[in-house]
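Report on the structure given below.
Lettering follows sequence order; numbering is per chain, from 1.
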Number of protein chains: 2
Amino acid sequence: MKIGQATIKDIAKALNVSSSTVSRALKDYPGISDETKKAVKELAKKMNYRPNAVALSLRKSKSNTIGVIIPEIVHFFFSTVISGIEEVAFKEGYNVILSQTNESYNREINSVNTLLASQVDGLLVSFTKETNDFEHFNDLLERNFPIVFFDRISEKINATSVIVNDFSGAYKATEHLIQQGDTKIVHLAGPSNLLISKKRLEGYLAALRDNGIPIDDQLIIECPKGTQEESYLTMLDFMRKRQDITGIFASNDLAASGAMKAAQELGKQVPSEIGIVGFSNWQFSSLINPPLSTVEQSGFKIGETAAKLLIDQINFMNEHPVYPFTEIMDATLLVRASSLKK
Amino acid sequence: MKIGQATIKDIAKALNVSSSTVSRALKDYPGISDETKKAVKELAKKMNYRPNAVALSLRKSKSNTIGVIIPEIVHFFFSTVISGIEEVAFKEGYNVILSQTNESYNREINSVNTLLASQVDGLLVSFTKETNDFEHFNDLLERNFPIVFFDRISEKINATSVIVNDFSGAYKATEHLIQQGDTKIVHLAGPSNLLISKKRLEGYLAALRDNGIPIDDQLIIECPKGTQEESYLTMLDFMRKRQDITGIFASNDLAASGAMKAAQELGKQVPSEIGIVGFSNWQFSSLINPPLSTVEQSGFKIGETAAKLLIDQINFMNEHPVYPFTEIMDATLLVRASSLKK
DNA sequence: TTAACCTATGCAATCGATTGCGGTTTCGAT
DNA sequence: ATCGAAACCGCAATCGATTGCATAGGTTAA
């Protein structure tokens, strides 16, 4: 193994006592003389003793490790989620084992198996886009294995989940544009098969309706790919035809930045002539010029919340049953320069 | 523990044989009748038996787990590195435990201890900006514990490392600016205790020297934090005093974008009046206006390489000693609009 | 017939730490 | 002097899997 880490036995041998005594001394159990305790602790320190977590896991049937399954690591949102998870896990004394699926269903199955074999105490999961069959999760849930899902959820799974309030985020963003005086607001929508796209579109529509603004179907433009390039080209074309546009709400920041580029290229001032709001608060959003207003879905908080819920479940599952619920995190509007007309 | 995972004992009991037999049958050891093997394997499958990795780790003194210590997870470069590490680890049957230090030295010490207690077989490390004392690593290295450093290295550590060719990257970037006609080139340097900062500075200096351009110490400005804000403020101030600046080479993209913002705010056209080149090719670099020229360092490859080297070391350290060396990955210049004057 | 041998399996120790259950001292009280 | 009770500490089992060694039973050759 390692570099001959000192074990309890080593201490015991050196001090001519039993390992039981060493174990108890280290944990300040009663029934060990102060003298012995002192000697043990001193030697432990000197030998740089570190309890072997593997042995502990085996003995206690608890690994103090949680597994995280995500589609991609290189993704601003997911990496912030991981960061939040890691923070909470660290504080609570848990290790985090990471497994990325690259959006592959088979890899997901594989990850679950590997993590289970590693005796993780629970799982934090955002499944792949391919995943339609949830047996591998439902099997575990039925056996009361702790799992918390985040960001991506399904009605086919009855488990604790953490997601963002897309509807309300989109509503706030649209309402903000309206308050800036906009009435002709384009919505750059995401792929219509994703639940989040639908929710964001609904939020946009509701805000218009509630403010008495007529809905113009032409202003709802789907950008299935969601790249900067795509929305840049789309909006370049569209804004040439429709000179009356005064606001854009994009369902993601990349699309928003593409639209911004198109507007600037057409000589439209942002924000004075066209206000723009994105969604997600990617890292680059604050770095572009003008800085992009956006809806923040704090991956960090999602990660924190999911991790806390999971660890709670792990700690208390023996005391009471678990009632699955869905935690809907508030999305907050982040107003920056790109939408401020006043 | 878990959900009552089936163990070897369960199989043994059900089949009325000893656990030794089950163990051997599962691994096709000789000396077990085909009949028994078949029965064992079938039951194992039916009971969904998965070998307990914790028990195996204890027995074999090998956890098949590697620890990754990084300053930040939410960082384009580091997240790509992690991704590369994870890919290789997965293929080789290793788990990855992640620990982020948030650039805190104490947290780094803590991470090392936690990971060691978890009996990881090796460590992949990029230390914090605060880290000046390397005892905690050198102790381990002396005891032949496998560690591979990446991105950030130090002469105080004699271990296998993977870095990008910062010197050559910086050289290329600076030379590119010179070719665009710049002679008054500011270098926004990183924290001077990081070797990468030094190397980049050296590359900058060498390119100037080789092209017969006098070195002006005033043009070398340290930005220890490396944030956009910092370089924005610094350059705003500096460019007011020095109107003759025509080019900026920043040791990272954030600093470059801050400088770009400052230049634009002062009414200087980028790139025509001031050419700017960054370093690292962060995701946002291609999205800002104008898109930022930068030096690309493939985090994914670095991660892959570091993980391979580490796993090699783990596998072969008993067969032959380890000779530390430094793998230098090539960095390529990515020319975008921000530096193209022609 | 019996020693020699092979096949198939079990025993028990091991990895490191924990813990229920006893077992020795030691000391004070009667 | 004797008894009882603290005060201290050790034995051994346990977690799950592996593995060197032993052994039961059967076969074969001399």
query: Does A/Y29 make a side-chain N or O approach to OP1 or OP2 of D/dA7 shorter than 4.0 Å?
result: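 No.
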query: If only side-chain N and O atoms of B/K9 are considered, is one of them under 4.0 Å from the OP1 or OP2 phosphate oxygen of D/dT14?
result: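 No, outside the criterion.
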Nearest-Å distance, [atom1] ([X]) to [atom2] ([N])?
X     : N      : atom1 : atom2 : value
A/M47 : C/dG16 : CE    : C1'   : 14 Å
A/D28 : D/dC9  : CG    : P     : 13 Å
A/I11 : D/dC9  : CD1   : P     : 15 Å
B/L26 : D/dG16 : CG    : C1'   : 13 Å
B/K27 : D/dA17 : NZ    : P     : 12 Å
A/D10 : C/dC15 : CG    : P     : 10 Å
A/L56 : D/dT14 : CG    : P     : 19 Å
A/L15 : D/dG10 : CG    : P     : 10 Å

Just the atom pairs and distances: protein N or O near nucleotides 23-26 of chain C's N or O, under 3.5 Å.
none

query: Taking the six-membered ring for Trp, is the centroid-to-centroid distance between A/H136 and A/F127 below 6.0 Å?
result: no
Quick check for you: among [options], whose closest atom lies nearest to any side-chain atom of [X]?
X     : options                : answer
B/L58 : C/dA17, D/dT19, C/dG16 : C/dG16
A/N52 : D/dC15, C/dA17, D/dT19 : C/dA17
B/I8  : C/dG16, D/dA17, C/dA17 : D/dA17

A/S63 backbone acceptor or donor facing A/Q119 side chain under 3.5 Å: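 Absent.
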Taking 4.0 angstrom as the limit, do [X] and [Y] come out as a salt bridge?
X      : Y      : value
B/K60  : B/D121 : no
B/E72  : B/K129 : no
B/R152 : B/E108 : no

message: Let me confirm one number: the CG-CG distance from B/N95 to A/N95, rounded to the nearest 0.5 Å.
response: 11.0 Å
Which side-chain N or O atoms in residues 300-311 of chain B pair as donor and acceptor under 3.5 Å with protein atoms at least two apart or in another chain?
residue, atom, partner, partner atom, Å
B/T305, OG1, B/K301, O, 2.6

task: Indicate whether any N or O donor in one side chain lies under 3.5 Å from an N or O acceptor in the other, for B/S18 and B/T21.
output: yes
task: Would you please say whether a donor-acceptor pair under 3.5 Å links the side chains of A/D151 and A/Q297?
output: no
Where protein sits on nucleotides 5-10 of chain C, one letter per nucleotide: B base, S sugar-phosphate only, - none, heavy atoms under 4.0 Å: ---BBB
